[in-house]
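Labels below follow one simple rule: chain letters A, B, ... track the order of the sequence lines, proteins then strands, and each chain is numbered from 1.
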There are 2 protein chains.
Amino acid sequence: MKTRRDVFQAIADPTRRAIIMLLTVGALTPNAIADHFNSSRQAVSKHLQILTECEIVNQEQQGREIHYHLNADKMKDIEKWLEQFKQLLAKRFEQLDTVLEQLKLNRP
Amino acid sequence: MKTRRDVFQAIADPTRRAIIMLLTVGALTPNAIADHFNSSRQAVSKHLQILTECEIVNQEQQGREIHYHLNADKMKDIEKWLEQFKQLLAKRFEQLDTVLEQLKLNRP
DNA sequence: AATTTGCGCAATCAAATAGTTGCGTTTAAA
DNA sequence: TTTAAACGCAACTATTTGATTGCGCAAATT
């Protein structure tokens, strides 16, 4: 398995989903984030690293602290995919409609 | 990590996302699905197993063939989460708006 | 009846993940 | 200046994942 770094990978983990939610409110440091969970700082740090690689999060150094900002725009990738899916599904139902329509026409 | 079986896990893999897309058009057998990719039947079968456990897909036995149907409803779980996220984000901007509003009021 | 086809299942393997522990570095506080 | 806090990074472990191979069973085909 090649290491994938995309939004879908990012949100696959429940802790990361929680971190994303946390960061919607505002930028936080790894310690601040870890305080909200039962996770250790290092564990959070690893997730932040992945989220950074997925470009869902940016770092901002402030003195000895690093503030992690959410890049909410990246979440649109999920929306885009969902939209594609829904369009395909709609088309499928259109086809079904066509079939049903034809059945109606052929009725005696 | 306890094995999670949720929609987020299901869509984390690109092959599984492709399978989901394929199944929007209609139910297919593992072999039929495998024909659309460079994946082997067994590899596809494993993904189908996961998708089944995630309840994104249902099996329907027809003789010696098994047709895999998409349970499109399950995809709403993703939408729900995205919606939650967007609401949180909106609230954040509301707060920002309040702050900006106050800054304006304090202007000379 | 013999063969082929479609499939699940188990065993196996390499790579990735999630997590921990233990550094070292830089910045801030005493 | 010494000490403490906030990190990143590397090493290490257990667990999961994605994929392959080979087997066996049941349903079609011949």
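- Regarding contacts with the backbone of D/dG8, a side-chain N or O of A/Ser45 is found under 4.0 angstrom from either OP1 or OP2.
- In this structure, the CZ atom of B/Phe8 is 19 Å from the P atom of C/dT17, given to the nearest Å.
- The only option from B/Ile20, B/Leu70, B/Thr24 that meets the side-chain contact (heavy atoms from CB on, under 4.5 Å) definition with B/Met75 turns out to be B/Ile20.
- As a whole-Å value, the separation of A/Arg4 CZ from C/dA16 P is 10 Å.
- Checked by atom type and distance alone, the side chain of A/Gln61 pairs as donor or acceptor with a backbone atom of A/Gly63 at under 3.5 Å.
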Worked verdict on A/Asp6 versus B/Arg17 for salt bridge (charged side-chain N to carboxylate O under 4.0 Å, His left out): CA-CA 13 Å; A/Asp6 54 31; B/Arg17 286 201 296 279; 3.8 Å; yes

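- For C/dT17, the OP1/OP2 oxygens have no side-chain nitrogen or oxygen of A/Arg16 closer than 4.0 Å.
- Distance B/Ile50 CD1 to D/dT16 P: 13 Å, rounded to the nearest Å.
- A/Asn31 has a side-chain polar atom (N or O) that falls below the 4.0 Å cut-off from OP1 or OP2 of D/dC7.
- Rounded to a whole Å, the CD atom of B/Glu60 is 15 Å from the C1' atom of C/dG6.
- Across the protein-nucleic acid pair, A/His67 atom NE2 and D/dA5 atom P stand 18 Å apart, rounded to whole Å.
- Annotation: B/His69, atom NE2; neighbour count of heavy atoms from other residues, nucleotides and ligands within 6.0 Å is above 12.
- One finds no side-chain N or O of B/Tyr68 lying less than 4.0 angstrom from the OP1 or OP2 phosphate oxygen of C/dG6.
- Atom CD of B/Gln49 is separated from atom P of C/dA10 by 9 Å (rounded to the nearest Å).
- Nucleic acid contact class of A/Gln9 (heavy atoms, under 4.0 Å, all strands): sugar-phosphate only.
- Atom P of nucleotide C/dA18 and atom CD of A/Glu53 are separated by 12 Å, given to the nearest angstrom.
- A donor-acceptor pair is defined here as one N or O able to donate and one able to accept, closer than 3.5 Å; no such pair exists between the side chain of B/Arg5 and the backbone of B/Cys54.
- Ring-plane geometry between A/Phe85 and A/Trp81 is classed as parallel, the angle between the planes falling under 30 degrees on a 0 to 90 degree scale with a further cut at 60.
- To the nearest 0.5 Å, the span separating OG1 on B/Thr15 from CD1 on B/Ile33 amounts to 11.5 Å.
- Between B/Leu48 atom CG and D/dT17 atom C1' there is a gap of 16 Å when expressed in whole angstrom units.
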Heavy-atom protein contacts under 4.0 Å, nucleotides 19-30 of chain D, coded B base, S sugar-phosphate only, - none: BBBB----BS--

